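None of the values given here were measured: they were computed from a predicted structure.
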Amino acid sequence: MQEPIALEEMSEDQVLDFAGACAEAAWRAEVDLLHAAYHWSVVHSADRLDPAERGRPGRERARQLGGESTAEVAEFAAAELGARIGRSPYAAAQLIADAQDLHHRLPQLWARVQAGEVRASYARHVAAKTRDLQPVEAAYVDAGVVESADGRITWSRFEALVAAKVTQAAPELAREKEERAAKARFAKKVRPSLAGEAHGMGSFLVHADIATIEAIDAFVTAKAAELAGRFPDAPHLQCEDDRRVHAFLLMVAGAPVETELPDLLPRVQLFVHTYAGPDREEIARVEGHGPVTEAWVRQVLGPRARFTIRPVLDLAGQAPVDAYEIPERHRRAVHLMTPADTFPFASSTSPSMQVDHTVPHACGGVSGVGNYGPMTTLHHRIKTHAPGWQVEQPFPGIYVWRDPHGGFYLVDHTGTRRLPGPRRRPFVVELWHTAFDLAVADDYPGAA
């Protein structure tokens with residue numbers, strides 16, 4: 001058998017052939033994953049649920065993940081699949097839904113996907129956009145986009161084509177969505193991660209009808225022009241974008257153009273956590289935004305903020321309480337130590353998540369740091385009621401999970417990692433190995 005050639009030794013043609021083979025393998029793997037997700041939905045049909053348990057609070061229920069005419073699936077099935085493929089339960093549920101829709105509602109697209117002519121991502125986009133349609137309407141979209149789904153047009157044009165076909169297939173539904181959208185007016189701060197921004201910047205989004213947005217834009221444009229004429233030398237108004245932001249503040253405050261910037265800003269409360277290391281510049285974390293440098297705090301917040309300095313919260317020194325109810329100081333400590341959902345590959349960072357006792361209070365688990373873990377309601381229900389899921393917390397903020405099929409996962413402040421080792425190794429043995437490895441690692445807090 002011929003030994004593979006190292007990339008460094010390949011000719012240009014060979015490198016291109018190798019890249020093409022990698023792309024083809026990735027393409028085929030996406031299709032195989034859809035096959036696996038569909039089969040997973042079949043073996044976890046709603047029929048396997050115990051009718052006596054389905055109606056009890058918190059227990060697993062049947063859910064229709066795909067569109068109309070697809071079979072219901074056992075609710076917790078997506079969590080097992082997601083953990084094994086490194087995705088959240090929500091993302092795994094969407095994968096199952098797309099696989100079901102492609103099999104049962106979009107047969108023409110699915111045939112081209114299996115033939116290697118259409119990317120799975122293109123087909124999944126169509127599945128998501130047609131989920132609310134009736135089967136006959138989905139079939140209309142299927143026939144209308146299948147020819148163009150092979151990449152012959154750009155992605156933006158394909159999105160527009162799908163949107164048009166969906167509207168043509170279900171005009172009444174489109175009108176209903178327009179009416180709902182007309183009522184969905186809001187003006188809110190956008191999370192930096194959603195806006196693709198960071199480094200001390202943020203966004204405020206106004207969602208309203210086109211006429212309202214045009215009126216806001218006209219006001220901002222006119223005021224920005226007035227600022228440019230009246231204050232040409234103002235250092236904070238030297239570019240059009242700066243003038244437009246200032247004009248928006250004038251509009252919000254209802255103030256004349258000569259109003260100074262500090263007088264336009266209302267009083268708000270920001271929580272800024274500072275950190276320092278022996279060999280690095282101090283950094284800070286603004287709650288609800290993310291990390292910033294100490295220089296940013298001095299230069300941006302310094303001239304316009306008043307600071308109240310509070311002592312560091314002793315995370316490890318929070319005394320347990322002899323009660324099921326979790327004190328607010330414990331919730332604060334848990335949020336600082338573990339700001340994200342502790343279920344494998346979960347994504348929520350909401351401070352309003354439920355705080356679970358890792359070892360249930362009814363089973364002797366203490367109400368104290370080291371036996372808490374924030375989780376969304378669904379993940380809390382899976383941990384409590386889904387058979388086979390196990391979790392331990394060998395050190396505060398470090399969680400070792402075992403799924404019902406023998407897979408192990410480590411969840412900590414850095415995220416989730418799949419643990420190697422025999423799949424059928426007993427949970428207590430895996431926990432002992434993990435705790436030992438963490439105990440000798442220098443970068444784990446509290447693991448000395």
Side-chain angles (χ1 to χ4, degrees), residues 19-42 63-73 78 81-82 85 87-182 184 194 196 207 210:
C22 290
E24 184 176 349
W27 187 320
R28 176 51 56 186
E30 290 181 345
V31 179
D32 290 341
L33 188 57
L34 282 170
H35 276 293
Y38 178 75
H39 183 67
W40 191 251
S41 73
V42 172
R63 287 190 59 197
Q64 185 170 50
L65 301 178
E68 185 176 320
S69 78
T70 60
E72 291 185 326
V73 181
L81 177 64
I85 64 176
R87 302 184 189 181
S88 70
Y90 174 80
Q94 295 304 299
L95 177 65
I96 292 172
D98 293 344
Q100 287 185 308
D101 282 356
L102 285 168
H103 273 79
H104 297 294
R105 291 161 53 90
L106 304 168
Q108 296 187 58
L109 265 175
W110 182 232
R112 294 201 72 188
V113 168
Q114 295 182 91
E117 299 169 353
V118 170
R119 290 184 179 276
S121 57
Y122 276 62
R124 291 191 62 189
H125 175 73
V126 179
K129 293 300 181 181
T130 57
R131 187 141 303 136
D132 294 336
L133 304 187
Q134 298 294 318
V136 65
E137 296 167 344
Y140 175 85
V141 178
D142 186 26
V145 305
V146 63
E147 183 179 2
S148 302
D150 56 7
R152 67 181 65 187
I153 59 177
T154 62
W155 175 253
S156 60
R157 288 181 61 195
F158 183 69
E159 284 184 307
L161 174 63
V162 173
K165 291 299 181 182
V166 168
T167 301
Q168 292 171 3
E172 288 297 328
L173 180 61
R175 278 191 286 273
E176 290 177 11
K177 290 183 176 181
E178 289 173 348
E179 292 173 0
R180 288 199 300 268
L194 296 179
H207 186 74
I210 297 174

Give the minimum heavy-atom separation between [X] and [Y], together with the two atoms involved.
X      : Y      : answer
Glu117 : Asp150 : O-CB, 3.1 Å
Leu109 : Ala149 : CD2-CB, 3.7 Å
Ala97  : Leu65  : CB-O, 3.2 Å
Ala169 : Leu133 : CB-CD1, 4.4 Å
Ala37  : Ile96  : O-CG1, 4.0 Å
Asp98  : Ala128 : OD1-N, 4.1 Å

Worksheet entry | Pairwise side-chain hydrogen bond (donor to acceptor under 3.5 Å, both in side chains) hits with a residue in residues 26-42, at least two apart |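 Counting only pairs at least two positions apart or across chains, the side-chain hydrogen bond (donor to acceptor under 3.5 Å, both in side chains) contacts touching residues 26-42 are Tyr38-His104.
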
Discussion item. Any heavy-atom pair between the side chains of Val126 and Asp142 that's under 4.5 Å?
Written reply: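 The answer is no, as the side chains (C-beta and beyond) never meet within the 4.5 Å cut-off.
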
Worksheet item: Are any non-hydrogen side-chain atoms of Val73 and Gln100 less than 4.5 angstrom apart?
Response: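 In contact.
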
Distance check, rounded to the nearest 0.5 Å: [X] atom [atom1] versus [Y] atom [atom2]?
X      : Y      : atom1 : atom2 : value
Asp132 : Leu173 : CG    : CG    : 6.0 Å
Ile153 : Leu161 : CD1   : CG    : 5.0 Å
Thr130 : Leu102 : OG1   : CG    : 8.0 Å

Fill in: Electrostatic pair Glu159:Lys129 at N-O distance under 4.0 angstrom
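Answer for the salt bridge query: no.
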
Item to complete: Without swapping roles, check the side chain of His103 against the backbone of Ala99 for a donor-acceptor pair under 3.5 Å.
Response: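 Yes, His103 side chain to Ala99 backbone: donor-acceptor pair under 3.5 Å.
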
Worksheet entry | Name of the residue among Arg131, Arg105, Gln134 meeting side-chain hydrogen bond (donor to acceptor under 3.5 Å, both in side chains) with Glu68 |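 Of all the options given, the one that passes is Gln134.
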
Worksheet item: Pick one: which of Lys165, Arg152, Arg112 meets salt bridge (Lys or Arg N to Asp or Glu O under 4.0 Å) with Glu147?
Response: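 With Glu147 as partner, salt bridge (Lys or Arg N to Asp or Glu O under 4.0 Å) holds for just one option, Arg152.
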
Worksheet item: Could you walk me through whether Arg124 and Leu34 pass the side chain to side chain contact (heavy atoms under 4.5 Å, CB included) check?
Response: CA-CA 10 Å; Arg124 291 191 62 189; Leu34 282 170; 4.2 Å; yes

Worksheet entry | Parallel, tilted or perpendicular: rings of Phe158 and Tyr122 (30°, 60°) |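 Rings of Tyr122 and Phe158: tilted, 30 to 60°.
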
Discussion item. Tell me whether the count of non-hydrogen atoms from other residues, nucleotides or ligands lying under 6.0 Å of CD in Gln168 goes above 12.
Written reply: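 It does: Gln168 CD has more than 12 such atoms within range.
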
